[in-house]
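A short worksheet on the structure shown next.
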Amino acid sequence: RISSNVREGILVGCGNPLLDISAVVPMDFLQRYSMNEDDAILAEDRHMPIYGELVEGYNAEFLAGGSVQNSLRIAQWILRQPRVAVFFGCVGEDRYAQILKEKAQSAGLDVHYQVKRDVPTGTCAVLITGTHRSLCANLAAANNFTIDHLEEPSNKALVENAQYYYISGFFLTVNPPSIMRVAATAHAKQRPFLMNLSAPFISQFYMAPLLAVLPYVDIIFGNEAEAQAFAEAQSWPSGDLREIGKRLVAFNKLNPARPRIAILTQGCDPVLLFQQDSVQEFPVTKLAVHEIVDTNGAGDAFVGGFLSQFVQGKSLDVCIRCGNYAAGHIIKNPGCTYSGEPEFVE
Ligand code: AP5
Ligand code: NA
């Protein structure tokens with residue numbers, strides 16, 4: 001099979017490189033830490049014992065994670081051409097960082113980590129209860145990303161040379177100045193800037209930096225819960241996804257020549273594509289229960305599949321269908337991992 005033919009470094013992403021520590025746990029494990037089945041939270045001091053407990057008592061698996069890095073790995077897998085995507089994030093100087101780097105590089109991703117000595121690489125506890133998963137991220141080194149890293153001449157050149165930019169909402173908790181810098185570069189060069197709402201807590205607690213960057217955002221991704229959290233934080237009257245999507249695309253935009261697009265996933269229900277006044281639905285092929293390993297990383301894989309086509313200049317229709325293909329594939333594999341060769345047909 002021939003690989004795609006896009007140039008190296010066309011896509012730049014920034015995010016939190018996290019090693020996922022994933023295990024099946026009983027409900028009382030969540031209760032002990034006052035967590036809910038489908039949470040995505042940042043670890044506080046009281047959550048710190050979770051990671052050791054998972055490793056010692058629950059036969060935990062280690063998987064490369066971090067939302068943006070997941071998406072870019074999946075995009076690379078589908079593109080079958082190395083180094084199309086460049087990733088920036090901060091890690092420690094330890095074994096976990098090595099694992100993350102190996103996984104990313106073997107997927108073809110061009111990683112340029114900022115390294116913070118004396119701080120451990122970030123981890124994310126993935127607590128699986130039946131078909132639910134609860135996430136607790138201990139950002140650790142990932143939280144130390146600074147804009148100086150993007151100002152290093154070689155990294156600056158990578159940012160300037162890209163044509164597409166993708167950053168998660170999660171990164172708003174780490175370094176808004178870096179996000180604004182990338183967004184401004186994209187804007188100045190009239191290149192698409194894509195972002196993700198990432199988790200309800202972002203809209204609940206990080207609305208100010210989210211609102212600062214939103215005018216630059218050409219495509220915004222989210223799932224149902226994330227869209228609803230945004231709407232609630234804005235005191236929008238309706239929790240209806242169609243209303244929320246329309247308002248998201250109409251929200252303040254810096255470059256009116258490129259109207260905003262919103263793409264909202266809703267699990268096995270159709271993906272909604274919002275453009276100006278139109279809403280389109282893209283059906284999801286439902287998987288049989290026995291085919292589902294875990295849905296962890298489904299949203300990230302959706303974005304990865306989307307990006308793999310978007311950077312090739314494909315239509316939104318193809319991008320979204322590839323997003324659904326990629327998400328469906330990783331659901332059949334543990335965490336945000338893939339197996340075999342990609343089989344997406346346009
Ligand atoms: P997680 O939130 O689990 O991953 P996700 O990619 O967002 O996956 P979800 O299962 O939550 O999917 P979704 O609800 O977004 O999408 P939807 O269900 O609509 O997190 C994974 C990673 O996040 C971890 O690796 C972790 O490291 C990282 N992370 C956590 N905290 C972080 C932080 N602070 N900073 C950085 N990283 C952090 O589904 C999307 C698509 O999937 C659908 O459109 C469809 O195509 C498909 N799909 C879903 N369900 C089905 C189904 N039943 N059958 C068929 N297709 C399906
Ligand atoms: Na998600």
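Whatever order the structure lists them in is the order used to number ligands and atoms, beginning at 1. These numbers come from a predicted model, not from an experiment.
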task: May I ask you to check if ligand 1 and Phe170 share an N or O to N or O distance below 3.5 Å?
output: no
Ligand-side contact atoms (ligand 1) for residue partner Val271, heavy atom cut-off under 4.0 Å: 44 (O)
query: Using a heavy-atom cut-off of under 4.0 Å, does the side chain or the backbone of Leu63 touch ligand 1, or both, or neither?
result: neither
- line: Test side chain to side chain contact (heavy atoms under 4.5 Å, CB included), reference Leu264, set Leu273, Val271, Val279, Leu241, output is Leu241
Do any side-chain atoms of residues 147-155 form donor-acceptor pairs under 3.5 angstrom with protein atoms, and if so which ones, sequence neighbours left out?
unit_1, atom_1, unit_2, atom_2, d
His149, NE2, His112, O, 2.9
His149, NE2, Gln114, N, 3.4
His149, NE2, Asn155, ND2, 3.4
Glu151, OE2, Arg181, NH1, 3.1
Glu151, OE2, Arg181, NH2, 3.0
Asn155, ND2, His149, O, 2.8

field: ligand 1 N/O within reach of Glu226 N/O, cut-off under 3.5 Å
entry: no
- request: Give a yes/no on ligand 1: does Ala40 have at least one heavy atom closer than 4.0 angstrom to it?
  value: no
query: According to a 4.5 Å side-chain heavy-atom criterion applied to Ile, Leu, Val, Met, Phe, Trp and Tyr, with indirect links allowed, do Leu307 and Phe282 form part of one hydrophobic cluster?
result: yes
- prompt: Under 4.0 Å from any heavy atom of Asn296, which atoms of ligand 1 are there?
  reply: 1 (P), 3 (O), 20 (O), 21 (C)
query: Polar-atom distance check: Ala298 versus ligand 1, any N or O pair below 3.5 Å?
result: yes
field: Residue portion contacting ligand 1 (non-hydrogen atoms closer than 4.0 Å) for Leu287
entry: both
- request: Using modelled atom types only, decide if a donor and an acceptor are shared between the side chain of Gln76 and the backbone of Ala85 within a distance under 3.5 Å.
  value: yes
message: Looking only at distances, can you tell me whether any N or O atom of Ala327, backbone or side chain, sits closer than 3.5 Å to an N or O atom of ligand 1?
response: no
message: Does the plane of the ring in His329 sit parallel, tilted or perpendicular to the ring in Trp77? Use 30° and 60° as the thresholds.
response: tilted
- request: Determine whether the side chain, the backbone, both or neither of Leu42 has a heavy atom under 4.0 Å from any heavy atom of ligand 1.
  value: side chain
query: Is the backbone of Cys90 close enough, under 3.5 Å, to the side chain of Asn144 for a donor and an acceptor to pair up by distance?
result: no
task: Compare Asp300, Asp38, Ile263, Val303 and give the one whose heavy atom is closest to atom 23 (O) of ligand 1.
output: Asp300
message: Nearest non-hydrogen contact with atom 52 (C) of ligand 1 belongs to which option: Cys268, Gly122, Ala288, Ala199?
response: Cys268
- request: Before giving the answer on salt bridge (charged side-chain N to carboxylate O under 4.0 Å, His left out), spell out for Arg242 and Glu281 the whole-Å C-alpha distance, their side-chain angles and the decisive distance to 0.1 Å.
  value: CA-CA 11 Å; Arg242 288 171 181 264; Glu281 287 192 2; 2.4 Å; yes
field: ligand 1 contact by Thr285, heavy-atom criterion under 4.0 angstrom
entry: yes
message: Donor-acceptor pair, distance only, cut-off 3.5 Å: does the side chain of Gln69 make one with the backbone of Ala64?
response: no
query: Which bit of Asn324 is near ligand 1, meaning a heavy atom under 4.0 Å away: side chain, backbone, both or neither?
result: both
- request: May I ask you to check whether over 12 heavy atoms, not counting those of Glu243, lie within 6.0 Å of atom CD?
  value: yes
- prompt: What part of Val284, side chain from CB on, backbone N/CA/C/O, both or neither, has a heavy atom under 4.0 Å from ligand 1?
  reply: side chain
field: Polar side-chain atom of Lys253 near backbone of Arg258 as donor-acceptor pair, under 3.5 Å
entry: yes
field: Over 12 foreign heavy atoms within 6.0 Å of CZ, Arg83
entry: no
- line: Of Ile331, Thr173, Asn138, the one whose closest heavy atom lies nearest atom 57 (C) of ligand 1 is Ile331
- prompt: Does ligand 1 have an atom under 4.0 Å from some heavy atom of Gly297?
  reply: yes
query: So, does Asp218 use its side chain to make a donor-acceptor pair with the main chain of Phe193 at under 3.5 Å?
result: yes
field: Close N or O approach (Gly66, ligand 1; < 3.5 Å)
entry: yes
query: Out of Thr295, Asn223, Leu18, Asp269, whose heavy atom is nearest to atom 10 (O) of ligand 1?
result: Thr295
- request: Report yes if Lys286 has an N/O atom closer than 3.5 Å to an N/O atom of ligand 1; otherwise report no.
  value: no
Donor-acceptor pairs under 3.5 angstrom involving side-chain atoms of residues 315-323: please list them, not counting sequence neighbours.
unit_1, atom_1, unit_2, atom_2, d
Ser315, OG, Val318, N, 3.3
Asp317, OD2, Arg321, NE, 3.3
Asp317, OD2, Arg321, NH2, 3.0
Arg321, NH1, Glu346, O, 3.0
Arg321, NH2, Glu346, O, 3.1

- prompt: Which bit of Leu135 gets closer than 4.0 Å to ligand 1, counting heavy atoms only: side chain, backbone, both or neither?
  reply: side chain
Enumerated ligand 1 atoms positioned under 4.0 Å from heavy atoms of Gln266: 19 (O)
task: Treat each ILVMFWY residue as a node, draw an edge where side-chain heavy atoms are under 4.5 Å apart, and state whether Phe221 and Leu248 are in one component.
output: no
query: Which part of Arg133 is near ligand 1, with near meaning a heavy atom under 4.0 Å away: side chain, backbone, both or neither?
result: side chain
task: From atom 28 (C) of ligand 1, work out which of Ser67, Ala43, Ala142 has a heavy atom at the shortest distance.
output: Ser67
message: Can a donor-acceptor pair be found, under 3.5 Å and without considering hydrogens, that links the side chain of Glu61 to the backbone of Ser22?
response: no
- request: Pick one of side chain, backbone, both or neither for how Cys124 approaches ligand 1, counting any non-hydrogen atom pair under 4.0 Å.
  value: side chain
